[in-house]
Amino acid sequence: MAENNVEPEHEWSDRALDTAEDTLVAMETLLATLRAFEDVLRQQEMSIASSTEYCDNFCQALMHYAGSRNSMEHGLPLLEVYCLSINCFAAARSHLTAESDRVALVLKRLALSCFELLLSVPENEIPYEAWLQFHHSVQSAHDTLLQYGSTDLQALLQITGEGGAWSNPVLTSLLTGQPTNTEEVDAYISLEGEGFMEMRVKHLEKMGEVAKAVVLAKACTECSFISNQATFRQTCVSLLCHLLPNEEAIMEISRLDCKDVLEITCNLETEGEENTAFILCTTFLTQQLQQQSLYCSWELTLLWSKLQRRIDPSLMSLLERCLQLGAIAKTVHHLLYLVRVIQTEAEEMGVPASVELCVKALQLPKHDDSETRISVCKTVSCLLPDDLEVLRACLLTEFLLGPCQEVFGCLEELYLRPDQKYDQENEVIPNSLRCELLLALKAYWPFDPEFWDWKTLKYHCSSLLGLVPESEGEEEEVVVKQEVVNQPVAQEITVKVESEQNRINGSLDSHEQQDTKPSSNLRESQGESETKKHKFSCKICKRTVIDSQIIHHSKRHAKDNCHPCPVCLEKFKSRKDLVPHMKEHIPSVHTTKQR
């Protein structure tokens, strides 16, 4: 029906509605155009095609007269244009079929355009007579459209009846922080619908009323009548980011679900709002670190690192930000996530920062989380694979946290390697950081094996595995001075107390002493049968120790000039004084001396 189309007058498209005469002429021209469209429609049989054609022509004519006008400069003339358009469309509704989706779409857009105009034009600039005329036009059109089941003008009718776009009492209470009834708020939001609410939020944001926009968006998010709550949630969160560093905004963001934050952040990034996405991600991640929450924490940390690199490609900036986040982290997991990010993005350049975060992880208060501490040790080993001393310290710590045969075997292999001198000229990390790392690892050790050889360390590690330690071949020497009557020189006899050779049958080897002139007492001891071993309970550490190990065990509790006896707690100034005393506690040795 192209030949029947009525073309609107084009001379008004480039002219502003500056005078009352211009407005009157424009309105008459628009009215004539719309009525011509209606006449053509009436001549046709009602169909989807005719209804669609009318709606298209209607929108084209309205855009021709109103689309180029500024609502702030031409508010009143535009209001008259929309008033006329609503009446014309209502008059033509009887010849339109609802089967055409354009009919409902035009009504919806017409209502939204009118509402947008009401939001943009200050209420005091619209004369009462014009406002009343507009209300009556909407009322008349609404009554007509109701006959066809359309309620698209219901919200607009209520707004015009209340005397302004912001005059609703429920809305006023909500935006001013006054007490509100949830049911009343939901009913109000349901009446206006998602379109009007979305326009209100955007208008408040545009006018700088961000806090009020947040309140309204949040109310829509919580309203069960809103089908697209996710859109309002994203809008609300985005607005909260604009309020930062406001404490209330931070608390609101921290209450969000991490999965929602991830989704909103990705949506904002897709929509080109990378800065807002980064602010949101950083704020929520910071709250997670402080609250020690691990829910979706790795995904959040990874997303944060990608946004950080996009906002600032500098690796140094990434390392600095990771260290800043690490400073407030309170869990080993969070620190390891940051290390993982650094190694992914910075590799060798990030080793010092990664080690620093690992030291922080080792220094956190110790809880029942041996597995995470072991993960830190393994991470450090991967970061510093060429530092033998650090590797030994990491593996020893790992073993002490979770003794197992596999780690013990690896530990033995490391200690059997030739010692290496630390090369400070080619250091991967600063020496001060390396020392801090070693101290952090040693804090987990129940002993200090700095001057031990592998045999001694192996002895202690085997005990932790519950294995029978092999003989260390250590011998405690006691110099017994035996004074002989009528002889000017005392004869010194060295008594050697050897560690047990056979742990399976629990026997003690005979104590043999070789001398050029052995005494009769010592000859008798050579033929004495093996005695059954005796067990002691160390009164210092409460461990059970067999008689042949008790003297060696006493070394563990020795300090400077204090050598306590683990059997009776008597203290001696030197080990030379302690050993003879402890012999008195060992049944086999004590019996030998008496004989």
Side-chain angles (χ1 to χ4, degrees), residues 1-17 20-69 71 74 76-118 130 133-157 160 195:
M1 303 294 295
E3 65 276 6
N4 294 328
N5 287 351
V6 179
E7 294 293 333
E9 298 293 335
H10 290 281
E11 65 268 17
W12 290 100
S13 60
D14 299 322
R15 293 178 58 183
L17 305 179
E21 183 180 356
D22 291 339
T23 301
L24 181 60
V25 174
M27 293 289 291
E28 291 177 350
T29 305
L30 176 61
L31 179 60
T33 301
L34 295 180
R35 284 180 175 174
F37 291 154
E38 184 180 348
D39 291 340
V40 172
L41 180 65
R42 290 174 182 272
Q43 296 173 9
Q44 301 174 6
E45 183 179 352
M46 184 185 297
S47 65
I48 296 178
S50 61
S51 298
T52 301
E53 182 181 8
Y54 173 80
C55 290
D56 290 344
N57 290 334
F58 180 91
C59 291
Q60 183 180 358
L62 188 58
M63 287 295 296
H64 181 76
Y65 287 99
S68 61
R69 317 301 180 189
S71 59
H74 309 99
L76 187 57
L78 283 175
L79 188 63
E80 294 178 356
V81 168
Y82 285 125
C83 182
L84 175 64
S85 301
I86 289 174
N87 287 332
C88 288
F89 194 87
R93 180 63 183 85
S94 59
H95 303 284
L96 300 173
T97 174
E99 295 180 3
S100 173
D101 56 358
R102 298 291 181 85
V103 176
L105 181 62
V106 169
L107 275 173
K108 182 178 180 180
R109 288 182 175 177
L110 192 58
L112 288 173
S113 297
C114 290
F115 181 62
E116 183 179 19
L117 177 64
L118 295 179
Q133 180 183 357
F134 181 62
H135 172 67
H136 288 320
S137 297
V138 174
Q139 178 73 67
S140 176
H142 175 65
D143 293 341
T144 302
L145 294 172
L146 274 179
Q147 302 175 20
Y148 304 96
S150 174
T151 58
D152 293 280
L153 298 182
Q154 178 68 53
L156 194 61
L157 177 62
T160 57

Begin from the C-alpha positions of L112 and E116 and carry the test side chain to side chain contact (heavy atoms under 4.5 Å, CB included) through to its verdict. CA-CA 6 Å; L112 288 173; E116 183 179 19; over 6 Å; no

Under the rule for salt bridge (Lys or Arg N to Asp or Glu O under 4.0 Å), what residues qualify as partners of R102, not counting sequence neighbours? D56

Determine, stepwise, if the pair S100 / T52 fulfils side chain to side chain donor-acceptor pair (under 3.5 Å). CA-CA 6 Å; S100 173; T52 301; 3.0 Å; yes

If you take all heavy atoms of A90 and L145, which pair is closest and at what distance? CA-CD2, 4.4 Å

Using 0.5 Å steps for rounding, measure from the OH atom of Y54 to the SG atom of C59. 9.5 Å

Just how far is it from atom NE2 of H95 to atom CE of M46, taken to the nearest 0.5 Å? 7.5 Å

Where the side chain of S51 meets the backbone of I48, is there a donor-acceptor pair that is under 3.5 Å apart? no

Taking atom CZ of R93 as the centre, report whether more than 12 heavy atoms of other residues, nucleotides or ligands fall under 6.0 Å from it. yes

Partner set under ring pair (Phe, Tyr, Trp, His ring centres under 6.0 Å) for F134, not counting sequence neighbours: none

Heavy-atom neighbours of Q133 CD exceed 12 at 6.0 Å: no

So with a 6.0 Å cut-off around CZ of R35, is the heavy-atom count from everything else above 12? no

Can you tell me how far CZ of F89 sits from OH of Y82, rounded to the nearest 0.5 angstrom? 14.5 Å

Under 3.5 Å, side chain of S85 to main-chain N/O of V81, donor-acceptor pair present? yes

Minimal heavy-atom distance between D152 and A111, with the atoms involved, is O-CB, 3.7 Å

Could you report the tightest heavy-atom contact between L117 and L78, atom names first, then the distance? CD2-C, 3.7 Å

By side-chain contact (heavy atoms from CB on, under 4.5 Å), which residues pair with S140, not counting sequence neighbours? none

From L153 CG over to Q139 CD, what is the distance, rounded to the nearest 0.5 angstrom? 10.0 Å

Do you know which two heavy atoms are closest between I86 and S137, and how far apart they sit? CG2-O, 4.4 Å

Within a reach of under 6.0 Å around CD of E45, are more than 12 heavy atoms found that belong to other residues, nucleotides or ligands? no

